[in-house]
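In what follows, chains carry the letters A, B, and so on, assigned in the order in which the sequence lines appear, proteins first and then strands, with residues in each chain numbered from 1.
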Number of protein chains: 2
Amino acid sequence: MISLFIAEDQRMLLGALGSLLDLEQDMKVIGQALNGEEALTSILKLEPDVCLMDIEMPVLNGLEVAEELARRSAPSKVIILTTFARPGYFERAVKIGVHGYLLKDGEIDELADAIRKVMAGKRVFSPELTFDVIREENPLTPKEQEILRLAALGKTTKEITSELYLSSGTVRNYISEIIHKLDAKNRTEAAAIAGKKGWI
Amino acid sequence: MISLFIAEDQRMLLGALGSLLDLEQDMKVIGQALNGEEALTSILKLEPDVCLMDIEMPVLNGLEVAEELARRSAPSKVIILTTFARPGYFERAVKIGVHGYLLKDGEIDELADAIRKVMAGKRVFSPELTFDVIREENPLTPKEQEILRLAALGKTTKEITSELYLSSGTVRNYISEIIHKLDAKNRTEAAAIAGKKGWI
DNA sequence: CTAATAAGATGACATTTGTCACCTGATTTT
DNA sequence: AAAATCAGGTGACAAATGTCATCTTATTAG
């Protein structure tokens with residue numbers, strides 16, 4: 001019997017997945033969570049065989065949870081289950097060493113299969129991910145990401161300045177560099193591009 | 001027996017909802033679609049009692065489908081089932097006269113109940129929506145929305161100018177007005193605000 | 001030890017952006 | 001018919017943005 005934990009912030013999908021997987025004779029859902037923090041504490045306590053983990057969740061995101069589980073060498077295997085194939089997410093997940101990365105755009109039947117494969121020691125990845133543009137690495141440094149994140153909210157150079165304790169010239173230099181890297185023509189387009197790719 | 005149609009572009013949720021609702025003894029799922037266009041043609045042909053409809057779908061979005069169904073006075077009742085409570089969406093849905101508007105953040109159990117209520121002639125709305133900020137109307141005129149949509153992609157004033165055949169002064173006047181209405185301090189912040197509210 | 005890098009800063013400059021007051025023709029209202 | 005409204009437009013101005021070459025100071029690598 002495979003014990004499962006599901007972390008997913010969309011209640012309806014959480015409920016639906018839970019009910020359906022529980023119908024499989026060799027699986028049992030032993031816990032659920034609607035956000036990353038709950039998920040982390042419950043998983044550490046329950047030690048399920050496999051965790052299905054959404055990425056975009058409140059408080060702690062799924063990748064952060066997976067990272068923390070790895071750091072504490074928790075025994076549970078993690079399968080990331082997410083909507084979009086943002087390059088940055090996939091890249092990070094692979095680095096963390098998750099056991100699977102599936103898209104919510106796949107069939108549910110594939111999900112149960114994937115769980116069994118992971119239990120058998122294999123790793124499973126949605127085929128859409130393995131090739132493709134998806135593998136593009138995030139070209140932005142952490143500082144650049146931080147600055148672009150703020151710029152994307154419409155913060156002015158001056159506001160960024162005082163949040164990050166940098167001179168205004170420096171901030172503008174960073175933004176200039178970001179614009180170059182993303183082949184954009186201004187900070188707004190840079191934000192749009194990076195947003196779509198999951199780089200900020 | 002209530003006949004159902006489900007339109008939802010996230011394959012996993014579509015499958016999960018289909019399977020679960022089919023388990024209800026008084027319901028039968030007679031069709032599914034992954035995008036708005038398929039949904040529209042299938043619904044017109046199959047005439048299900050109730051359609052569950054996601055909003056953000058490829059080709060045609062759920063609100064557009066609902067609108068078209070209403071225009072052709074199709075007999076099927078529509079329940080919008082969406083992730084976020086964007087004010088603009090809800091406002092539009094109500095104007096179209098849909099029979100229900102539920103958030104994917106609700107429990108699945110509520111869904112089956114809602115379907116039965118709608119069949120009984122009632123209208124159902126997620127309680128989160130009925131009060132709240134959600135009722136904020138979109139303060140932007142269609143032209144303003146169009147301009148802000150372009151600005152949000154990082155297009156410059158000059159580019160917007162040549163896409164919409166307006167003078168650059170006019171575009172800047174519009175943007176200035178938009179910034180005022182949204183209480184932002186520049187076009188980027190205006191785009192962030194409007195995006196979050198579902199106004200563009 | 002010395003050279004190479006990286007993070008941050010300056011200053012100067014051309015553009016772009018945002019603001020505002022006011023103008024012009026249509027189209028509605030009254 | 002006169003007045004109001006609406007979509008667009010001008011022009012002028014200050015401020016913000018983007019670009020570049022150059023500089024300083026640590027830190028790191030050879």
query = Is there a donor N/O on one and an acceptor N/O on the other, under 3.5 Å, for the side chain of A/N186 and the base of C/dT15?
reply = no
Of the options [options], whose atoms approach the side-chain atoms of [X] most closely?
| X | options | answer |
| --- | --- | --- |
| B/I179 | D/dA7, C/dT19, D/dT17 | C/dT19 |
| A/I175 | C/dT16, D/dG18, C/dT19 | D/dG18 |
| A/S176 | D/dT19, C/dG18, D/dT17 | D/dT19 |
| A/L166 | C/dT17, D/dG9, C/dA9 | C/dA9 |
| B/R187 | C/dA9, C/dT17, D/dG18 | C/dT17 |

Could you tell me whether the phosphate oxygens of [N], OP1 or OP2, come under 4.0 Å of any side-chain nitrogen or oxygen in [X]?
| X | N | value |
| --- | --- | --- |
| A/R172 | D/dA16 | no |
| A/K143 | C/dG8 | yes |
| A/T157 | D/dA16 | no |
| B/T156 | C/dT16 | no |
| A/S167 | C/dG8 | no |

key: Donor-acceptor contact below 3.5 Å, side chain A/S162 vs main chain A/E159   = yes
message = Can you tell whether the side chains of A/E163 and A/R149 come within less than 4.0 Å, N to carboxylate O?
response =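 Not counted as a salt bridge, because no side-chain N and carboxylate O are separated by less than 4.0 Å.
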key: Pairing of B/E8 and B/K104 as salt bridge, 4.0 angstrom limit   =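 Yes.
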Find the distance [X]:[atom1] to [N]:[atom2] and express it as a whole number of Å.
| X | N | atom1 | atom2 | answer |
| --- | --- | --- | --- | --- |
| B/E146 | D/dA7 | CD | P | 13 Å |
| A/K158 | D/dA16 | NZ | C1' | 9 Å |
| B/E144 | D/dG8 | CD | P | 11 Å |
| B/E159 | C/dT16 | CD | C1' | 12 Å |
| B/L182 | C/dG18 | CG | P | 13 Å |
| B/N173 | D/dC6 | CG | P | 16 Å |
| B/K155 | C/dT17 | NZ | P | 13 Å |
| B/E177 | C/dT17 | CD | P | 19 Å |

Touch class at under 4.0 angstrom, heavy-atom based, for A/T170 against every strand present =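 Counting heavy atoms under 4.0 Å across all strands, the contact made by A/T170 includes a base.
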query = With a cut-off of 6.0 Å (strictly less than), are more than 12 heavy atoms of other residues, nucleotides or ligands near NZ of A/K185?
reply = yes
inquiry  = One pair to check against salt bridge (Lys or Arg N to Asp or Glu O under 4.0 Å): B/R72 and B/E68. What are the steps and the verdict?
reply    = CA-CA 6 Å; B/R72 307 211 196 173; B/E68 188 59 25; 2.9 Å; yes
request  = Please check if any side-chain donor atom of B/Y174 sits under 3.5 Å from a side-chain acceptor atom of B/E146, or the reverse.
outcome  = no
Given DNA chain D, 5'-ward residue of the pair B/Y165 and A/K185, judged by closest heavy atom =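 Whichever sits nearer the 5' end wins; that is B/Y165.
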